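These figures come from a predicted structure and were not determined experimentally. When a ligand or atom number is given, it counts from 1 through the structure's own listing order.
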Amino acid sequence: MQMNDLIVKKRDGGALTTEEIQFMIRGYTDGTIPDYQMSAMTMAIYFRGMDRRETLDLTMAMMHSGDTLDLSGVSGVKADKHSTGGVGDKTSLVLVPMMAARGVKMAKMSGRGLGHTGGTLDKLESFPGWSAAVPMEKFLENVETVGMVIAGQTADLVPADKKLYALRDVTGTVPSIPLIVSSIMSKKLAAGADVIVLDVKCGSGSFMKTEADARTLATEMVEIGKMAGRKTVAVITDMDEPLGNAVGNALEVKEAIAALSGAQPGELMELCYTLGACILTAAGLEPDEAAARAALEQSVADGSAKRKLAEFVAAQGGDRNAVYDVSLLPEAPVQVEVPAPEDGYVSHIAASDVGMVSMHLGGGRATKEDVIDLAVGVVLHKKVGDAVRAGESLATIHAAAPEAAARAARDLAACYTITPERPVHTPFIKAIIR
Ligand code: URA
């Protein structure tokens, strides 16, 4: 088999066979197929697409390109959640302990990534002493006894995606549905859960800008998950403005703790209850959405979800007291308010620009080598639809120094659009695809 022939076949609109896809992924992973041929192939896939059978074959070939996590020795239902990513997305910090408190086993291997804030691992490092490095034996033991682990990759999961994603990133081939589906689903399948819930964001702060695109992506991922034998559900949610109020690592941890304390109604909790109810019903642990939601609300009301977070933090070497006393978490030395320039209603908050403000403050990484300042970021006090008076605080900037705070305050003010009329309300949860 020759890679050149496969490129020509896909360029001309043909469907690759299972064997051809396996040959291509094996060769690219072991280095016998060079980047220049693979970039021609990804461009051909970008323009010609793949049918569902090809997408499943690509997903499975990528999944088997490295280690897979064997959770068969762990008792009970094992679930996993994936978000396509957005600004202020601290959902895992709330949802995972909530699920563990209801007896669902959550084993998450996360990366760090680049972007406006760190990833979930960076956020969790706000807990003094907490470590993402968990050896495999301990990883499996903690999933069984604590019910949840969030750790850096201890196994070499899906090496094909590491190479392929880096290549797509520099060849204009990230936004291709079969390539995105196989990238995300190969990692989820390799991580071993029986139930997978996908939070697919849509809007200006996410990479699926329209609801129609988000729906296509969600439907394909759900179908591939089901064809691979996993219970898979996707929830399409709005990312036109940041999720919740905080954007920044320790700030998001504080918001998550407030949510688990029952002090944070709003779309963050709405999302966590919706995703959690999808997991509990798909797993057959609750008969319907209403019962599942009541069970989750109970885990917040009786403090069991928050206790689970504390247990998890301690099991990975962190100070559990910080869950009950957030003054033990990093705090920025400079805090500056951003006043509203006029009376009116907040009609838009440019989510990705808010993310950039957090990144420039030092809360995210522009390159892999950058060191994150866990304390800095932004807390929004006004969200879309809120009425504001001139001079009232729209947000608080948390910064390391006054100059950085002043610049961030200017940039953040520019993220807000204030209009005389209240904007039309759009639903936060747009669809659930089962
Ligand atoms: N996230 C991934 O993991 N892969 C993609 O291709 C896009 C987003």
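Here's the thing with Y165: none of its N/O atoms is less than 3.5 angstrom from an N/O atom of ligand 1. Some N or O of R168 is nearer than 3.5 Å to an N or O of ligand 1, by distance alone.
For atom 1 (N) of ligand 1, the closest heavy atom belonging to the protein is I184 CG1, 3.9 Å. With hydrogens left out, the protein atom closest to atom 3 (O) of ligand 1 is K187 NZ, 2.5 Å, a heavy atom. Of the protein's non-hydrogen atoms, the one nearest atom 8 (C) of ligand 1 is F207 CZ, 3.7 Å.
When each of L16, L179, T18 is tested with L58 by the rule side chain to side chain contact (heavy atoms under 4.5 Å, CB included), just one qualifies, namely L179. A side chain to side chain contact (heavy atoms under 4.5 Å, CB included) with D199 is found for one member of L271, L95, T84 and no other, namely L271.
A salt bridge is absent between D194 and K231; no separation between the charged side-chain nitrogens and carboxylate oxygens falls under 4.0 Å. Looking at R320 and E311, no side-chain N of the basic residue comes within less than 4.0 Å of a carboxylate O on the acidic one, giving no salt bridge.
Within the structure, the closest approach of V174 to ligand 1 does not fall below 4.0 Å when heavy atoms are considered.
The number of heavy atoms from other shown groups lying within 6.0 Å of NZ (K78) is above 12. Sparse packing is recorded around OH of Y46, with 12 or fewer heavy atoms of other residues, nucleotides or ligands lying under 6.0 Å away.
The residue from P175, S183, S186 that puts a heavy atom closest to atom 2 (C) of ligand 1 is S183.
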